[in-house]
Number of protein chains: 2
Amino acid sequence: MTTGFSEPNFSHVAAGHAVPVQGPLGSVLFAGCPDLIGTPFSYAREEEIYGEGEDAEFVYKVVSGAVRTHKVLSDGRRQITGFHLPGDLFGFEQDETHRHSAEALSDTKLLIFRRRQVERAANHRAEVACQLWGMATKSLRLAQDLTLLLGRRSAQERVASFLMEVDERLGGNGTFTLPMTRRDIADYLGLTIETVSRTLSQLSDEGALQRVGGRQISLRRAHLRRLVED
Amino acid sequence: MTTGFSEPNFSHVAAGHAVPVQGPLGSVLFAGCPDLIGTPFSYAREEEIYGEGEDAEFVYKVVSGAVRTHKVLSDGRRQITGFHLPGDLFGFEQDETHRHSAEALSDTKLLIFRRRQVERAANHRAEVACQLWGMATKSLRLAQDLTLLLGRRSAQERVASFLMEVDERLGGNGTFTLPMTRRDIADYLGLTIETVSRTLSQLSDEGALQRVGGRQISLRRAHLRRLVED
DNA sequence: CGCGTCTTTGACGTCTCTCAACAGGAGTGG
DNA sequence: CCACTCCTGTTGAGAGACGTCAAAGACGCG
C-alpha cells in the first residue's frame, strides 16, 4: 500500500529518484507554457523552505534531494503530511497562506514558480488546469492512504508499510539508505521515536529485514508484505 | 441495513426527472456547461453508492442528505475518509476504479455526472478544470487536517474537534443532531465505539456539552475550544 | 408488546508512550 | 592519535490511554 510519499505528479515526467535533472529551461513541468519556467534554488539540510501561515507566493518542484511538509500543534506535537522526492510538486494552497511548513531533509535543489503565474496559466489553459487538478487528486489519494494507516494500523504495520514504500520510491531493489531520521519517521507514522526503533529491532529479530548502522536497510519483502496485507 | 443494491439505472431516472441543476448552497456546478447537467438520483439510508474496486464511471454531487466514503482492510478494520454534505463533490479518481467505497448516511439525493463527460469538459474549458482543481484542493486540505488529528491527537481532542466540525458544517449555532452512528464516528476518528461513547459521557460530565438522547447535542463551544487549541 | 439495533457502562488487558540510561559515530580541538 | 562533546539511535522499566470483552439500558419499529 501507499504510505503517502507524493509521487511524481506528471506521468510524462520520468518516474523515480533517477529523474535526469533537466536544466531549468528544459523542465517539462507545465509543458507548452514557456512562460512557466521555474527558477532554480538551493536549500541546505534542515533549512526551512516555507512556514505555516506564511504567504503562499511560490510553488515548488523538487529537482534533487528531499523535502518534508508538516503541521505542528502549539505544544510541539508534529505530523508530517508528506515526503517529496525529485519530480514532486508541492506547496500549492487554495488560500493565500501555507497551511503547513516545508523543510529540506538533505541538501536540496528546487525549481520555484510564482503561484500567481501558475494560476493565471490555469485560468487560460485547460491543459495546465488539468495538470493541477490531477496533481491535487493524486495528493488526495495519498493523504487518504495515510489516513487509513494512522487510523487503523498497528505500529508494526505502519513501519513495515513505510519501509516498503520507501523501497519502492528509492528504486525497489530491497536495499536502501533511509533519507530521514527516526524522528521524521515517527512524526510521519504517528508514533514515537522509541516505538519506531523498537519496531525496527523487532522486525530485524523476526528476519523481516537486516540493518547496517542506523539507516541502511535490506528488506525481506515477501516477509514484510505478509505483515501489511489488506 | 442495505439490501437494495444501487445500480444507477441512468436512462430510467433521466426520463423521470430531468431537472434544472443547482446545489442547495446556491453554487451552480460547471456553470456555463449545459452539457454537464447532472442526473438526479436517490439513495436510501445505508445504501451503497459505489464500492472499492468498482469502475469509476460516475462522479457525484450531494444535493441533500449525507454520504460517507471509507476504506476497509481485509480483517474488517474500517477508516472513514470523509463525510460529504450538500454541495460537496465526491467519487473522483485518477485511476479507472474507485479506491474507496461510498454509502448514504441517510436518505440522500445526488446528482450523477458521467466521469468521461466531465473530463472532456475539463480538457476543453479551463474554467471547469479550475473548479475541479479547487474542489480537489479543498478535499486535500480536509484530509491533511484529518491526518494531524489521527496521528497526534488524543481521544478527547478528536471527539471535541469532530463535534465542532460537525456543528460548523451543520449551521454553526452549537445545537444539532448527529447524522451518523457511533460506529461511523469511531471509524472516522480512528477509535472504538466504546471510547467515543465514554469520551462523550466525559465531555458531558465536564460540562462541555449537553445531550438529549444519543444523537442530539448542544455544545459549549468556548469550553470545547480550549480542549483542542493548537 | 416484543425484538433488533444502538448506546452506555464496567472490568480488565495490552499496545504504545514516557522517562531514563546508555551506546555508537562524526566532528573538533588539543 | 586521543579525549571530548553532540547527536542520533537503542533498550529497559513502568505508566497510562485506549481497546476488548461482556452485560445491561435505551430507542425505534413492526
Side-chain angles (χ1 to χ4, degrees), chain A residues 44-46 68 73 75-79 105-107 149-163 177-206 209-217 227, chain B residues 1-3 44-46 68 73 75-79 103 105-107 149-163 177-206 209-217 227:
Chain A
R45 185 170 163 278
E46 294 295 312
R68 61 171 181 253
L73 300 177
D75 62 2
R77 285 177 290 179
R78 184 178 73 148
Q79 177 64 46
L105 277 180
S106 54
D107 290 349
L149 192 83
L150 295 175
R152 289 303 180 208
R153 287 210 182 262
S154 69
Q156 192 182 66
E157 290 173 319
R158 294 184 202 193
V159 172
S161 170
F162 174 76
L163 291 174
T177 299
L178 285 168
M180 68 285 284
T181 66
R182 296 290 186 270
R183 166 134 306 286
D184 286 332
I185 298 172
D187 286 348
Y188 180 65
L189 298 178
L191 302 170
T192 60
I193 57 176
E194 294 94 332
T195 297
V196 171
S197 182
R198 267 187 267 268
T199 304
L200 284 170
S201 298
Q202 180 192 342
L203 289 173
S204 181
D205 291 347
E206 292 174 3
L209 56 85
Q210 290 182 318
R211 286 186 289 178
V212 182
R215 300 280 185 96
Q216 204 176 330
I217 293 190
L227 299 177
Chain B
M1 209 51 80
T2 305
T3 49
R45 186 169 162 280
E46 293 295 312
R68 62 170 181 255
L73 299 178
D75 61 2
R77 285 177 290 178
R78 184 178 73 149
Q79 178 64 46
E103 294 154 5
L105 276 181
S106 55
D107 290 351
L149 192 83
L150 294 175
R152 289 302 180 209
R153 288 208 180 267
S154 70
Q156 191 181 64
E157 290 173 318
R158 294 184 203 192
V159 172
S161 168
F162 174 76
L163 292 173
T177 299
L178 285 168
M180 68 286 284
T181 66
R182 296 289 186 270
R183 168 135 302 287
D184 286 332
I185 299 173
D187 286 349
Y188 181 66
L189 298 179
L191 302 170
T192 61
I193 57 176
E194 294 95 333
T195 298
V196 171
S197 182
R198 269 186 265 267
T199 305
L200 284 170
S201 299
Q202 180 193 341
L203 289 173
S204 181
D205 291 348
E206 292 174 4
L209 56 85
Q210 290 181 318
R211 285 186 291 177
V212 182
R215 300 281 186 95
Q216 206 176 327
I217 292 190
L227 298 178

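Just so it is clear: chains get the letters A, B, ... in the order the sequence lines come, proteins before strands, and each one is counted from 1.
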**Request:** Identify the heavy atoms of B:Leu163 and B:Leu178 that sit nearest to each other, and give their distance.
**Result:** CD2-CD2, 4.3 Å

**Request:** Work out which heavy atom in A:Arg77 is nearest to a heavy atom in B:Arg152; give both atom names and the distance.
**Result:** NH1-O, 2.9 Å

**Message:** Holding to salt bridge (charged side-chain N to carboxylate O under 4.0 Å, His left out), I want the full list of residues that pass it with A:Arg78, two or more places apart in sequence or in another chain.
**Reply:** A:Asp184, A:Asp187

**Request:** Please list, chain by chain and in numerical order, all residues satisfying salt bridge (charged side-chain N to carboxylate O under 4.0 Å, His left out) with B:Asp205, sequence neighbours excluded.
**Result:** none

**Complete:** Comparing A:Ser154 with A:Glu194, nearest DNA chain C nucleotide closer to 5' gives the residue A:Ser154

**Prompt:** Can you name the residues that form a side chain to side chain donor-acceptor pair (under 3.5 Å) with A:Ser201, not counting sequence neighbours?
**Reply:** A:Arg211

**Request:** List in chain and number order the residues that pass side chain to side chain donor-acceptor pair (under 3.5 Å) with A:Gln210, two or more places apart in sequence or in another chain; answer none if no residue qualifies.
**Result:** none

**Request:** May I have the distance from B:Arg153 (atom CZ) to D:dC18 (atom P), rounded to whole angstrom?
**Result:** 13 Å

**Message:** Distance check needed: C:dG10 P versus B:Ile193 CD1, whole Å only.
**Reply:** 16 Å

**Asked** Taking CZ from B:Arg77 and C1' from D:dC18, how many angstroms apart are they, rounded to a whole number?
**Response** 15 Å

Could you list all N or O pairs between the protein and nucleotides 5-8 of chain D that sit under 3.5 Å apart?
none

**Request:** Measure from the side chain of A:Arg211, starting at C-beta and using heavy atoms only, and say which of D:dT10, D:dC18, C:dT16 lies closest.
**Result:** D:dT10

**Asked** Which residues pass the side chain to side chain donor-acceptor pair (under 3.5 Å) test with B:Glu103, sequence neighbours left out?
**Response** B:Arg68

Acceptor/donor pairs from residues 190-197 of chain B side chains to any protein atom, 3.5 angstrom cut, sequence neighbours excluded:
| from | atom 1 | to | atom 2 | distance (Å) |
| --- | --- | --- | --- | --- |
| B:Thr192 | OG1 | B:Thr195 | N | 3.2 |
| B:Thr192 | OG1 | B:Thr195 | OG1 | 3.1 |

**Item:** Estimated bend of the helix from C:dC1-D:dG30 to C:dG30-D:dC1 (axis per five terminal pairs, rounded to 10 degrees)
**Value:** 30°

**Item:** Gap between atoms CZ and P, on A:Arg158 and C:dT16 respectively (whole Å)
**Value:** 7 Å

**Asked** Roughly, in whole Å, what's the span from CG in A:Asp75 to P in C:dT18?
**Response** 10 Å

**Complete:** Residues passing the side chain to side chain donor-acceptor pair (under 3.5 Å) test with A:Ser154, sequence neighbours excluded, are A:Glu157

**Asked** Taking atom C1' of D:dC18 as reference, at what distance in whole Å does atom CG of A:Leu191 sit?
**Response** 15 Å

**Item:** Counterpart residues, side-chain contact (heavy atoms from CB on, under 4.5 Å), relative to A:Arg45 (two or more places apart)
**Value:** A:Asp107

**Asked** For the pair made of CG in B:Leu189 and P in D:dG19, what is the distance, rounded to whole Å?
**Response** 10 Å

**Item:** Residue-phosphate contact under 4.0 Å: A:Arg183 side-chain N/O, D:dG9 OP1/OP2
**Value:** no

**Complete:** In whole angstroms, the gap separating C1' of D:dC18 from CZ of A:Arg152 amounts to 11 Å

**Prompt:** Listed by chain and number, what are the side-chain contact (heavy atoms from CB on, under 4.5 Å) partners of A:Gln216, not counting sequence neighbours?
**Reply:** A:Thr177, A:Val212

**Item:** Of residues 195-206 of chain B, the positions that come close to DNA chain C - non-hydrogen atoms, cut-off under 4.0 Å
**Value:** B:Ser197, B:Arg198, B:Ser201

